[in-house]
Each structure stands twice: as structure tokens, then as C-alpha cells.
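Written out below as C-alpha cells is the structure these notes cover.
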There are 2 protein chains.
Amino acid sequence: MSEGVDRAMRVLELLAREPAQLGGVAADLGVHKSTALRLLQTLESGGFARRTDGGWTVGLRLIDLAQQALDSLDVRAVARPHLAALGRDCGHTIHLAQLVDDDLVYVDKIEARGQVRMYSRIGRTAPLHASGVGKVVLAYRPQLTRLVEGAALRAYTPATICDPAALRAELTAVAEQGWAADDGEFEPLITCVAAPVRHADGSVSAAVSVTAPTVVATLADLRRLLPRLLATTQQISRDLGWSGP
Amino acid sequence: MSEGVDRAMRVLELLAREPAQLGGVAADLGVHKSTALRLLQTLESGGFARRTDGGWTVGLRLIDLAQQALDSLDVRAVARPHLAALGRDCGHTIHLAQLVDDDLVYVDKIEARGQVRMYSRIGRTAPLHASGVGKVVLAYRPQLTRLVEGAALRAYTPATICDPAALRAELTAVAEQGWAADDGEFEPLITCVAAPVRHADGSVSAAVSVTAPTVVATLADLRRLLPRLLATTQQISRDLGWSGP
DNA sequence: GCAACCCGTTGCGGTGAGCGCAACGCAGGT
DNA sequence: ACCTGCGTTGCGCTCACCGCAACGGGTTGC
């Protein structure tokens, strides 16, 4: 629709991945470098891009805006202290994922006490069929299963549930027991347990998970944390206005 | 330079502050609403804007990109575990600020153990003359004093140092003692101590601070944490390749 | 030393992308 | 029944933006 804006967004995608120079940006967009320069200058004037020694990078304004947007998410604000307390108690990585349109997005994260590197990032989307938070949300939002019914379920690991029937059975079990596990279904050797967060109207559009590498904690270990996790999600739900069981 | 992109950035600024509807966006930009709609649709197609029940909001892609950019900041990655450890030891809010061009930007934050609300946000800029991290950076980057020399120093509180001569004296003291304090100079009743982080070449372009409301910790209390803070910044500096004293 | 690069940057015209306009469908409120 | 304000669509006009070509300044190579 708006060509310039479209190109600008592609530029930001590029720069966020890694800094680039004018020529590279121009080539990647398939435009003349003078065009790319003017784009970058415009972005620079707004603080969305900046120059470094070795080329162009995303600007601070982008980071500021994103953080502003994150802070305006009500679920995040309400949940944060509870997540921090949970993280302090168990020492593992805590994730908060929220459903936005048809995507389940990680919107908060408490780092594990250990120094173990784990690849996850606020802003990324969680695979609905291959993550604890995803399965929890699916289990309580039947209409969302349309997103995984027809589509071929991607196998991230050998443990990923790719068979629709098996997934349906899993979701039924999750809905009944009130929590979900993920034993290496997205990344090998990474395990988690997840539980739903309810809004005032009782709907589930967010979830909390406790994640750890199996070398640190096995699924059995994490299961022992379930009462603590469920207490956390229930407290968050109550803070959001939910008054169910 | 590029009008469309310029408008798009203004739209994002608007949406990040608070969700808005088409009419509001159009009015604020001073354009016809059809124009605003096309802009929003373009942003939507790239994931930079999205529709909610009550209007338009910033999209997830923006958050993802910003987080990606944050993660690529080397200082942040190196410092994070040390900051977490420091936060665990003292329980107060920890900030990491980095100099980007002429702005000192908060790039990481460890929340305080207590539930006390404090207004700071990753992505915001720190006032150079009215914050611990700002004064530390100024003290070790004399060429930057040009930024505060001529300009009228804004008085955030009665304690803010607005007199150039007084500031110069303060910076000299900071440079000598190796750390800076901020006793209500930016926000009343908020105190902090800050120390410099050095890069491999010995230059100072980042700083760490320990912040607390005076009701929780007085300046005297925070001073007692100085050895721990200085040990942290020195360790970060070493991890960055610095081999000084 | 000069030449050959590659970087970012700057006028300059032609043209098509995107602008404003006007009109429509649809909800929700009075 | 009306009205108000939302998002949306088609249509010409025009000016913003594109590509081109040329320039200045670093760095590299022989």
C-alpha cells in the first residue's frame, strides 16, 4: 500500500538482525543506494536508525517505543511481581506468554539463577503445538485449534506432537489436569511445565511456564513445583479480576 | 526526506503512547483519514501495528525487533549475569546505562526485591547532569561536557546541580573517587550510587547504578554497597577486555 | 605515487505512487 | 426513524520520490 513505509520496515528488519552498510541495504531492498540513503536518513531523523562506525543500526527510539508498548500490557504489569517471586523461589527461567490475535507472544521473562544460556526472547512467538504455554492456551481456547488442525505440524524435535489426533488427546488431558508439560518437544533437553492465566471473564489468553534444561531439572523435578506454579497463576488471575474456583 | 516514512514513525509514536482510532491518528497527523488508514494498513501488514477492539496499537514485530537489537548490545550481554548477582546480593534496583551517540540510554534493569514502584524504563535516556550514571560518564568523558556546558541545566528537583561551575567541581570529585552519587537530584526521595564500566580501550561509555527510595535505603546505606558495586563494574570491565588497575 | 576501489552524499528531471476527495456500509446511540 | 462516527473503496491529479550520474573522501593495492 505505501511503498516507502514497506521498505522502511524491511530496512528495520535488516538492521535489527545485524548492522549493515548502505550498499548492502540498497542491494537487499533492490533499490538504488541513493534511495536507500534517503530512507535511512529519514529513519535516522526519527531515531529509528543510527550510524555506527561500521554501518547502520536500529535506533534507540525503537527500543523505547517497544518498551512503552510492553509496559502498557496489563497482564504483564499485574503478573510481574508474582513471576519475580516465583523465579526467586524456584530459580528456573519463568516465561509469561500472551495471546495477541493469533499469535502467542512471550511478553515477559525471569532469568534463571544459573548461568545456563537458554534461547528465548521477549517478543518472539511460541509454537502453539510445541510449547507448554501453547498447549495450555490451545486446551482452553478450542476455537484456536483451527490454527493447528489443518496445517502440517512442524516437528522441532523427535518428541514434537505432529499427529492431530495425538495433539487433540493431549489437549483434552491438559484441560482436565489444568496444566501442561513440554518434555523436549520444542528443543531437545529443555523441559517445562505451564499453567493458564484467566481474565476477569474467565477466558484464557495468557500462560506462565517454568522452564529448565533437563541437566538442571527433570520433568519430575518440575512437577514438584506445580503447586507453586498453580498458586502463582491463580493469584495473577485473581488480580486480573477473575473470581472462579 | 521521505514523507510517508516520516508519518509512519509519528504514527508509531502515537500508538505506543496509547491506542488510538483512525480518526484520531488522521487528525494528529493532519492528513485525510483515508491516508491514515493506508498507512496503518501498511504498518499492519508488517506487524508494526495491529487492531484491537478499541482502535489501533503497536504490533508485536516492533517489540521483537527492539529486543533483538537490545540483545545485540555487547555490553548488555556481558554485564547481565553480574548485574543479576549484584541485584540478588543487595535487593535494590540496578540500572545499566550505555552511551549511544550523545545519549545515555538505560539498556538493562534488574528490579528491586521490594514492590516499590520506581519510574524508569529500558530505552529511556538518562539526564547527564542529574543522574548517577550520567555524572559518571561525564566525569570520564570530558569532551561530552560540551553537551551540558552551554545548555541551561534543567532543574528536576531543588537538589539538581544547575550551576556549571558546581557541576564541574562535582565531576572532578567523581573522577577522583571513581564513583558518583545522586541524592534526589532527578527525583525527590530517590537516591543512587553509580560506577563506570570500561571498554577494552579504557574508555568509559557505560555505567551501573544501584538505586533505591530513601525510605528503603539512605545514601549512607548505599555507600556501604560501594565495594560490591565497584567489584561488579570492574568485573564487567575485565570481561570486556579491559586490563587496567 | 597514482590509480582503483567503495563508501556516503548531492542535483536533477520524469513519472507513478500516494494523496485528498467524496461516497458508501455498518454499528451503536438518542 | 434519525444521526454520528467508525472503517473502507474508487478515482483522478500532482508532487514526492525514484533512479541516474557525478562528486568528495577515505582506504587499499601495486
Side-chain angles (χ1 to χ4, degrees), chain A residues 1-62 69 72 100-103 200-201, chain B residues 1-62 69 72 100-103 143 201:
Chain A
M1 334 213 156
S2 181
E3 194 180 24
V5 176
D6 211 62
R7 293 209 252 234
M9 293 190 295
R10 286 169 59 196
V11 168
L12 290 179
E13 303 266 354
L14 278 182
L15 298 187
R17 206 169 315 130
E18 58 182 336
Q21 335 199 77
L22 182 60
V25 173
D28 210 286
L29 288 182
V31 300
H32 198 270
K33 58 178 179 167
S34 64
T35 306
L37 177 66
R38 282 184 284 251
L39 254 178
L40 286 166
Q41 284 174 332
T42 308
L43 289 172
E44 184 186 26
S45 75
F48 282 67
R50 64 178 227 264
R51 301 157 196 258
T52 59
D53 331 307
W56 294 82
T57 324
V58 295
L60 322 161
R61 203 84 204 94
L62 188 74
S72 68
V100 178
D101 296 332
D102 285 350
D103 287 316
D201 62 358
Chain B
M1 334 214 158
S2 181
E3 194 180 23
V5 176
D6 210 61
R7 292 207 253 235
M9 292 190 296
R10 287 169 58 196
V11 168
L12 290 178
E13 303 267 352
L14 279 181
L15 298 187
R17 206 170 314 131
E18 57 181 338
Q21 335 199 77
L22 182 61
V25 173
D28 209 287
L29 289 182
V31 300
H32 198 270
K33 59 178 179 166
S34 64
T35 306
L37 176 66
R38 282 185 283 250
L39 254 177
L40 285 166
Q41 284 175 331
T42 309
L43 289 171
E44 185 186 25
S45 75
F48 281 68
R50 64 179 228 263
R51 302 157 195 258
T52 58
D53 331 307
W56 294 82
T57 324
V58 295
L60 324 159
R61 204 83 204 95
L62 188 73
S72 68
V100 179
D101 296 331
D102 285 349
D103 288 315
Q143 69 276 27
D201 61 358

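Below, chains carry the letters A, B, ... as their sequence lines are ordered, and counting in each starts from 1. Remember, predicted model here, so these are calculated numbers, not experimental data.
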| query | Is there side-chain contact between B/R51 and B/W56, with at least one heavy-atom pair below 4.5 Å? | reply | yes

| message | Is the shortest side-chain heavy-atom distance between A/R7 and B/V5 below 4.5 Å? | response | no

| request: Ignoring the backbone of B/W56, work out which of C/dA22, C/dG8, D/dT8 is nearest its side chain. | output: D/dT8

| task | Let me know, please, whether A/G24 or A/E3 comes out on the 5' side of the other along DNA chain C by nearest nucleotide. | result | A/G24

| field | Non-hydrogen atoms of A/T42 and B/M9 that approach each other most closely | value | O-CE, 3.1 Å

| request: Measure the NE2-CZ distance between B/H32 and B/R38 for me, rounded to the nearest 0.5 Å. | output: 9.0 Å

| field | Protein-nucleotide distance (B/L39, atom CG; D/dA16, atom P), rounded to Å | value | 15 Å

| message | I want to verify a distance call: between C/dG8, C/dC12, D/dA16, whose nearest atom is closest to the A/R38 side chain? | response | C/dC12

| query | CG of B/L22 versus P of D/dG7: gap in Å, rounded? | reply | 4 Å

| Given atom CG of B/L40 and atom P of C/dC19, what is their separation to the nearest angstrom? | 12 Å

| request: Can you tell me which stems DNA chain C forms, taking runs of 3 or more consecutive Watson-Crick or G-U pairs with both distances under 3.5 Å? | output: C:1-6 with D:25-30, C:8-24 with D:7-23, C:26-29 with D:2-5

| message | Please pick, from C/dC19, D/dT8, C/dG8, the nucleotide with the shortest atom-to-atom distance to any side-chain atom of B/R7. | response | C/dC19

| query | With side chains defined as the heavy atoms from C-beta onward, is the minimum distance between B/L62 and A/L12 less than 4.5 Å? | reply | no

| Looking at the side chain of A/L37, which of D/dC6, D/dG19, C/dG8 is the nearest nucleotide? | C/dG8

| Side chains of B/V25 and B/L39: closer than 4.5 Å at any heavy-atom pair? | no

| field | Contact nearer the 5' end of DNA chain D, comparing B/Q21 with B/V5 | value | B/Q21

| field | Length of the CG-P vector between B/L29 and C/dC19, whole Å | value | 10 Å

| request: Please evaluate the base of D/dC18 for a donor-acceptor partner in the side chain of A/S34 within a cut-off of under 3.5 Å? | output: no

| field | Rounded distance (Å) that lies between atom C1' of C/dC19 and atom CG of B/D6 | value | 16 Å

| task | Could you check how far NE2 of A/H32 sits from C1' of C/dC12, rounded to whole Å? | result | 13 Å

| query | Which pair of heavy atoms, one from B/L15 and one from B/A49, lies closest together, and at what distance? | reply | CD1-CB, 4.1 Å

| OP1, OP2 of D/dT8 versus side-chain N and O of B/R51: anything below 4.0 Å? | yes

| request: Can you figure out which of C/dG18, D/dC6, C/dT10 approaches the side chain of B/K33 most closely? | output: D/dC6

